[in-house]
Colleague: 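Please find one structure pasted underneath; my questions will follow.
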Amino acid sequence: MSTDNTTIRVDTLGNLAKILPYLLGHYPDDSIALHCPGPNFHDGPAMTCPLPEDPTEWKTTAEIAARRFAAYAQDKGHSLDSGVVIYLCREPRPGETPWDTAALLSPLADWLTSALLKHRATVLQTIGLVANRWWAFECDTKGCCEGEPLPSADDPTSIAAQMARIGRTPGRRTRDIIKEFRAAAPADCDLRDALNAAIDQFNTQCTTSAGCDATLTSTCAQIDAAVNQFRAGATTLNRALATQLVVGLHDDGAVEAGMAHTDDDDLPHARRLWAYLARLCADPFTQEAVPALTLYAFVAWRQGDIIAARLAIHDALTADPEYDLAIGIHLGTIDDEDPRDFLATARQNRDNRMAHVQHAVQVASEYQPVTGSLAARHREALDAATEYHAAQTSTYRGQILARYGTIDIIGGALADFRNEPSQLMDEIAARIILGLQDTETRDAAMSTGDENDLPAERQLWGNLARRCVPPHTDKAPPLLTLLGWVAWRQNDTVTASHALSDALDIDPDYRLAKLLLEGINKEVAPAGFLAICREAAQRFADGRADLDNL
């Protein structure tokens with residue numbers, strides 16, 4: 001035996017069973033655990049796989065666990081032919097004895113052995129752990145290696161005693177770890193009502209881009225307030241704030257803001273906060289817990305508590321298998337990535353999002369509808385012009401005349417705007433707004449001139465968009481689309497994106513706004529669209545020759 005006091009001797013099956021929580025850093029309730037012993041036994045890769053409640057699913061689970069462990073061990077530079085120890089952990093259910101549970105596990109031992117053999121593994125032992133007793137399923141002698149109590153720490157040769165001598169302690173049981181973040185009982189009626197109300201409010205507010213931005217800003221402020229309260233020693237939040245936070249965290253920007261609160265000094269407070277919010281999400285609201293569980297896992301990872309992080313991520317991915325951030329953290333813990341890299345990315349994304357939100361408030365002033373007495377005046381003008389416009393365009397001839405008439409009025413308005421800041425007459429503005437509801441007129445009005453013309457055009461479309469006050473808000477998409485197009489031509493893609501998104505908030509099917517926004521998002525140059533617009537404008541101009549034939 002080596003004189004190295006860190007060397008561990010595993011020379012009995014009892015010690016082989018007892019070492020599991022030292023190997024993994026926790027005791028995995030209702031799980032398969034697989035371990036390739038290293039030079040000092042507890043070295044080498046180990047992995048756990050949750051064991052479904054339904055035994056009919058265990059054969060499939062065994063095949064998945066074997067495949068994943070083979071890949072994991074290979075990544076760690078270990079060959080399975082050097083030997084694998086299998087652990088099967090399950091606690092007796094009501095009415096079951098430990099021997100009943102062990103008998104239930106016996107076929108699983110065979111399935112795992114067969115599955116591992118397909119990956120050229122050598123199975124050294126399969127140990128069942130049930131109610132602080134162990135079974136060795138490779139032993140064929142009846143009554144032998146069945147239901148023996150785990151070795152006592154009083155035995156100086158036991159694993160517990162050996163580990164104690166080198167300062168190692170067994171990890172906690174899974175069921176004790178998950179108590180920190182998993183709800184223990186279904187949600188009570190008051191909590192259900194509060195969460196449903198918060199969900200309804202969130203969905204209502206987030207029907208528009210401006211509403212999403214306002215909600216994100218509010219949630220970020222609530223995160224700051226909640227972290228401050230927990231930093232001061234709080235263990236709960238008032239119900240309104242708690243439920244609004246739970247729901248608000250479903251915005252990715254809010255989750256990134258939550259991740260940003262992971263400076264070393266804030267880690268314990270943040271961990272308690274996210275665990276508290278996750279525990280609120282009891283059945284039937286387990287889906288709502290996913291962001292809070294992910295934030296808890298990230299904090300635990302930052303603290304070096306990999307086991308708690310993985311258990312929380314497991315719950316998150318069980319509720320939402322496609323939640324990207326949870327997948328990323330899960331892979332990060334497996335690949336030994338540095339969580340500080342995730343933190344830096346989250347902070348950069350948060351700063352970018354908040355800058356975008358602040359810019360949205362600034363650019364919206366360029367085209368948001370006016371209020372007060374001015375809004376009443378614009379409303380009256382649009383009300384009056386609507387009846388006249390409907391009568392004018394009731395015939396084909398009237399539609400054609402209205403198209404060219406609108407373009408002529410726009411030309412005059414732009415001439416005024418080019419010369420000096422201009423105020424449109426309400427009647428003229430209303431006629432333009434109504435005329436641009438026709439898509440051919442709108443297309444003919446799209447900017448095709450030199451860059452020197454763009455400031456006047458942008459000013460005109462912003463002026464007209466501000467006049468689309470309720471109940472005429474539905475008339476704004478053409479104006480916002482034209483404004484977005486001009487801003488894009490000016491290389492102001494931020495304003496263009498906001499204007500086009502707001503047009504789609506009003507009319508989600510407004511096709512031109514969709515096309516332009518897609519072009520911006522794909523970082524396409526506007527030159528191609530400009531060429532199309534110029535061709536369309538020329539055809540429209542050539543069509544004037546047909547007016548005499550109407």
Side-chain angles (χ1 to χ4, degrees), residues 2 6-52 55 57-90 102 105-130 134-140 145 159 163 168 170-171 174 306-307 310-311 313-314 317 327 330-337:
S2 171
T6 64
T7 300
I8 300 302
R9 169 172 275 184
V10 183
D11 52 5
T12 68
L13 290 175
N15 276 341
L16 184 62
K18 185 73 172 181
I19 200 172
L20 181 62
Y22 296 95
L23 284 175
L24 301 177
H26 70 118
Y27 183 93
D29 293 293
D30 297 342
S31 296
I32 296 167
L34 301 169
H35 174 59
C36 280
N40 198 14
F41 190 84
H42 59 85
D43 304 326
M47 187 188 80
T48 62
C49 178
L51 197 56
E57 300 177 19
W58 290 359
K59 186 173 183 179
T60 300
T61 302
E63 293 169 352
I64 294 172
R67 183 173 65 251
R68 289 179 177 174
F69 185 63
Y72 176 62
Q74 184 176 9
D75 287 345
K76 296 297 182 181
H78 285 258
S79 173
L80 297 190
D81 61 10
S82 62
V84 178
V85 179
I86 301 170
Y87 293 91
L88 306 178
C89 308
R90 182 177 168 92
L105 292 171
S106 182
L108 178 59
D110 296 333
W111 294 329
L112 270 166
T113 298
S114 297
L116 286 166
L117 286 174
K118 293 177 183 177
H119 297 280
R120 300 180 181 178
T122 300
V123 176
L124 301 175
Q125 285 289 343
T126 302
I127 301 294
L129 288 166
V130 182
W134 61 270
W135 277 255
F137 289 112
E138 266 72 29
C139 180
D140 296 329
C145 303
I159 282 295
M163 287 293 186
R168 294 277 299 277
T174 301
I306 300 297
I307 301 304
R310 287 176 177 167
L311 291 171
I313 285 296
H314 175 264
L317 291 176
I327 294 171
H330 172 64
L331 295 176
T333 62
I334 291 174
D335 296 336
D336 296 325
E337 295 185 35

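Every value quoted in this text rests on a predicted model; they were computed, and no experiment measured them. Counting from 1, the numbers follow the sequence of the chain as shown.
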Colleague: Roughly how far, to the nearest 0.5 Å, is the CG atom of Asp30 from the OG1 atom of Thr174?
Modeller: 8.5 Å
Colleague: For the residue pair Glu138 and Val123, establish whether any side-chain heavy-atom pair is separated by less than 4.5 Å.
Modeller: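 Side-chain contact under 4.5 Å: yes.
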Colleague: Identify the heavy atoms of Ala46 and His35 that sit nearest to each other, and give their distance.
Modeller: CB-ND1, 3.8 Å
Colleague: Side-chain contact test, heavy atoms from C-beta onward, threshold under 4.5 Å: evaluate it for Ile86 versus Phe137 and give yes or no.
Modeller: no
Colleague: Between Ser79 and Ser82, is there a donor-acceptor pair closer than 3.5 Å when you use the side chain of the first and the backbone of the second?
Modeller: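 Checking the backbone N and O of Ser82 against the side chain of Ser79, no donor-acceptor pair under 3.5 Å is found.
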Colleague: Does any non-hydrogen side-chain atom of Ile19 lie less than 4.5 Å from one of Met163?
Modeller: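 Yes, at least one pair of side-chain atoms sits under 4.5 Å.
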Colleague: Roughly how far, to the nearest 0.5 Å, is CD1 of Ile334 from CD1 of Ile306?
Modeller: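 So the CD1 of Ile306 and the CD1 of Ile334 are separated by 10.5 Å.
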Colleague: Identify the two heavy atoms, one from Met47 and one from Ala65, that lie closest to each other, and give their separation to 0.1 Å.
Modeller: CE-O, 3.5 Å
Colleague: Search all heavy atoms of Asn15 against all heavy atoms of Arg9 and return the closest pair with its distance.
Modeller: ND2-O, 4.2 Å
Colleague: Using a 4.5 Å cut-off on heavy atoms from C-beta on, say whether the side chain of Thr113 contacts that of Leu117.
Modeller: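 Heavy-atom side-chain distance check passes, below 4.5 Å.
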Colleague: So do Leu20 and Cys89 actually touch side chain to side chain, heavy atoms under 4.5 Å?
Modeller: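 Yes, close enough: below the 4.5 Å cut-off.
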Colleague: If you look at every heavy atom in Tyr87 and Ala17, which pair is closest and at what distance?
Modeller: CE2-CA, 4.2 Å
Colleague: Between Tyr22 and Pro170, which heavy-atom pair has the shortest distance, and what is it?
Modeller: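 Looks like CE2-N, 3.3 Å.
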Colleague: Which pairs with one or both residues in residues 114-125 pass side chain to side chain donor-acceptor pair (under 3.5 Å), sequence neighbours excluded?
Modeller: none
Colleague: With heavy-atom distances below 4.5 Å as the criterion, would you say the side chains of Leu112 and Thr126 are in contact?
Modeller: no
Colleague: Starting at CD of Glu63, measure out to CG of Leu116 and round the result to the nearest 0.5 Å.
Modeller: 11.0 Å
Colleague: Verify, without hydrogens or angle tests, whether Trp58 (side chain) and Pro52 (backbone) share a donor-acceptor contact under 3.5 angstrom.
Modeller: yes
Colleague: Do the non-hydrogen side-chain atoms of Leu124 and Leu16 ever get within less than 4.5 Å of each other?
Modeller: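 Sidechains of Leu16 and Leu124: no contact.
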Colleague: Let's go through Tyr72 and Leu34 carefully: what are the C-alpha distance in whole Å and the side-chain angles of both, what is the deciding distance for side-chain contact (heavy atoms from CB on, under 4.5 Å) to 0.1 Å, and is it a yes or a no?
Modeller: CA-CA 11 Å; Tyr72 176 62; Leu34 301 169; over 6 Å; no
Colleague: Quick one: pull up CD1 in Ile307 and OG1 in Thr48 and give me the separation to the nearest 0.5 Å.
Modeller: 7.0 Å
Colleague: How far apart are the closest heavy atoms of Cys36 and Val84, and which atoms are they?
Modeller: SG-CG2, 3.9 Å
Colleague: Quick check for you: to the nearest 0.5 Å, what is the distance between Thr333 atom OG1 and His330 atom NE2?
Modeller: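 One gets 6.0 Å once the value is rounded to the nearest 0.5 Å.
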Colleague: How about Leu88 and Ile32: do any of their side-chain heavy atoms sit closer than 4.5 Å?
Modeller: yes
Colleague: Should the heavy atoms of other residues, nucleotides or ligands under 6.0 Å from CD of Glu337 be counted, would the total exceed 12?
Modeller: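 Atom CD in Glu337 is packed in, count exceeds 12.
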Colleague: Could you go through the side-chain contact (heavy atoms from CB on, under 4.5 Å) check for Arg168 and Ile159 one step at a time?
Modeller: CA-CA 10 Å; Arg168 294 277 299 277; Ile159 282 295; over 6 Å; no
Colleague: Can you tell me how far apart CZ (Phe69) and NZ (Lys76) are? Round to the nearest 0.5 Å.
Modeller: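 It comes to 11.5 Å.
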